[in-house]
Number of protein chains: 2
Amino acid sequence: MSIYDFVQDKLSPQPAMSISAVERETGLGKDTLRVWERRYGFPKPERDGRGERWYPAEQVDRLRLLKRLIDCGHRPGKLLAASEEELDRLSDGRRPETPAGIDEGDDVAEQVIRQIRNHDLPGLRQILRQSLMRLGIERFVIEVAAPLNQAVGEAWTNGELKVFEEHLYTEEMKGLLRQAIASLPAAVNRPRVLLTTVPDEPHLLGLLMVEALLTLDGVPCVPLGAETPLVDIRMAALAHHADAVALSFSLAFPGRRIAALIRCLRDLLPPQVELWIGGAGSRWASKVDNVHVLPSLPLALLAVREWRERHAAQD
Amino acid sequence: MSIYDFVQDKLSPQPAMSISAVERETGLGKDTLRVWERRYGFPKPERDGRGERWYPAEQVDRLRLLKRLIDCGHRPGKLLAASEEELDRLSDGRRPETPAGIDEGDDVAEQVIRQIRNHDLPGLRQILRQSLMRLGIERFVIEVAAPLNQAVGEAWTNGELKVFEEHLYTEEMKGLLRQAIASLPAAVNRPRVLLTTVPDEPHLLGLLMVEALLTLDGVPCVPLGAETPLVDIRMAALAHHADAVALSFSLAFPGRRIAALIRCLRDLLPPQVELWIGGAGSRWASKVDNVHVLPSLPLALLAVREWRERHAAQD
DNA sequence: ATCTGGTAATTGTCCAGGACAACTTGGGGT
DNA sequence: ACCCCAAGTTGTCCTGGACAATTACCAGAT
């Protein structure tokens, strides 16, 4: 790895990155990058004196786009053939373009995105806090946080928000949700729910929203943070006598892996421990048996209610 | 990747992992694992029917240990020869061994680790909260959180704590610190400090501790969360008119990369923006010019004071 | 003794190109 | 409609060679 691996090579007119940097930047493995080059002729990086690949920034941008489309379900073979049609498919959900005057924004999401763009952290903080106070936790989570999340995610993939802007929003929202959760009384009624994500899934926001709703409903939550190895999820569920394990999959998580992962975890957990899957990636989970798929937040509350009815009847 | 990649092979008596899993688990790259096998004869994984490597759990444990020692400055070539002397070197900072009766534990750290081991989340929560209330934020962060962090980290690398137990602690401490930060009034006096970590460094706890101390000192903080790309750190620093950028490196981050990364970021940032480096990995940063290395938490406060004196004199 | 410069060993990452299992697609046949 | 099998796709693994960057070592000069 060169000293300047993390940044564009300043001497060449076009910025370029090493294969490691591209892997980190796009999430595509080194092997995948090489095999794409061999098979499809793209990407076609420059080579330096010793034959090592240097990817121009424009190819890296395209790789990022391809990765996103693949994560959305498109096949690599198709995507790596076309050139301009891709931009078409991309632009599907994208072109609203906020035509100059965005001042009808009584919508909180719109206000928030404007504050993010203005880099006004105190303003952002104030709007979110106000909204939380006015609506209460449940309505805030369902009516504001969830759609806002989606809007920010879309704006990010469309390039309308920079990475650091998205980071700032995420951090702020996480803080706010944690604060809201901490303000609630300790819950004691079953079911006891363990919340986490699988390895390679660092996105925690969705899980925090669920935790807020569950805690509000008197459900004791055991938050394990992100990226817990499956065997540890099993051990944690046993150690904490969990009645259910809730996982969240973001849109960015490679959909193809989800079903296998869940099946695997389902086998690891005792049968009486339920498995709840939420988040944008949950649609890939519907093929698995004995798993509760909860694509939207209110369904988590429903799952709790069902569990309680079932177990009230039994005892 | 096999379906059961994420979990031990249930048929073999000893649990085992694929090379991807070992990479994720130990932080050693696939190439490194293969070249060690070729050169030093360790690790020596089993092979399945199609010649793919399956690493027994004990070898993975040893790899984890080796990784930690290498990160501490030992050379791979030496480590991969000895067998029992390693345990000696390891045991240096380890052997207290809590001899059966641990009931003198008026030390919070000891109590906390006991609660983690007992999987008593309410108890853990209560102890931490009580301690925070009694000591106040500043003393809590410096006298409890920091040493506790180190103790938990060591217990984890020594195998005394499971991954999920460490996750639970980390999550709880993050929540508590965020709550403490949120309880403080909004700060407005410069310097304005931007806090984040570089890509591949997901550990946020140290940064949260700094944020708590800084906010307490009236420093407005811009928390970007973890793993912000270097170019985005630059953009964020410009957009938010930051006076300093604070980075944190955990012990787990590959030390060799640190100096190059920091030099690179130093070049990207405007000269008047200071660069503060903290955390266990900060000792690798001391070679770089124009960078403030802050190996312990109180030094962050000192850096603020110095900045203010310098700029009070100027204006 | 301490510094200095240059040679030698160490070490992580890269490359090529072959192989293959898991998955998807796309027809027939019932 | 449904199911099932063949053909195509696709990511990941393998081997073994190469090399630049870093570190250790040692002799000679100060």
Find every protein N or O atom lying less than 3.5 Å from an N or O atom of nucleotides 6-8 of chain D, and list the pairs.
none

Crowding at CZ, B:Arg53 (>12 non-hydrogen neighbours, <6.0 Å): yes
Atom pair OG1 (A:Thr26) and CZ (A:Arg64), whose distance is rounded to the nearest 0.5 Å: 8.0 Å
Gap separating the CG atom of A:Leu66 from the CG atom of A:Asp61, nearest 0.5 angstrom: 11.0 Å
Value in whole Å for how far the P atom of C:dC14 lies from CE of A:Met17: 13 Å
Euclidean distance, B:Ile70 CD1 relative to B:Lys78 NZ, rounded to 0.5 Å: 13.5 Å
Length of the CD-C1' vector between A:Glu23 and D:dT12, whole Å: 12 Å
Separation of atom CG in A:Leu33 from atom P in C:dT13, rounded to whole Å: 16 Å
Set of salt bridge (charged side-chain N to carboxylate O under 4.0 Å, His left out) partners for A:Arg47, sequence neighbours left out: A:Glu37
Side-chain N,O (B:Arg53) to OP1/OP2 (D:dC14) below 4.0 Å: yes
Short side-chain N/O contact from A:Lys30 to OP1 or OP2 of C:dT13, under 4.0 Å: no
For atom CD1 of B:Ile70 and atom C1' of C:dT11, their distance in whole Å: 10 Å
Close approaches to DNA chain C from residues 35-47 of chain A, in residue order (heavy atom, under 4.0 Å): A:Arg38, A:Arg39, A:Arg47
d(CG, B:Asp48; P, C:dA19) in whole Å: 18 Å
Residue-phosphate contact under 4.0 Å: A:Thr32 side-chain N/O, D:dT12 OP1/OP2: yes
Axis bend over the full length of the helix from C:dA1-D:dT30 to C:dT30-D:dA1, computed from five pairs that close each end, to 10 degrees: 30°
Side chain to side chain contact (heavy atoms under 4.5 Å, CB included) partners for A:Asp48, two or more places apart: A:Arg50, A:Glu52, A:Trp54
Gap between atoms CZ and C1', on B:Arg263 and D:dT22 respectively (whole Å): 13 Å
Gap between atoms CD and P, on A:Glu52 and C:dG12 respectively (whole Å): 16 Å
Test item: side-chain donor near acceptor, A:Glu274 and A:Trp276, under 3.5 Å: yes
Partner residues of A:Tyr55 under the ring pair (Phe, Tyr, Trp, His ring centres under 6.0 Å) criterion, sequence neighbours left out: none
Side-chain N,O (A:Arg50) to OP1/OP2 (C:dC14) below 4.0 Å: no
A:Glu23 versus A:Leu33, closest heavy-atom pair with distance: N-CD1, 4.2 Å
Option among B:Asn290, B:Leu275, B:Asp267, B:Val293 that satisfies the side chain to side chain contact (heavy atoms under 4.5 Å, CB included) test with B:Ile262: B:Leu275
Exercise: do A:Glu227 and A:Thr197 side chains pair donor with acceptor under 3.5 Å: no
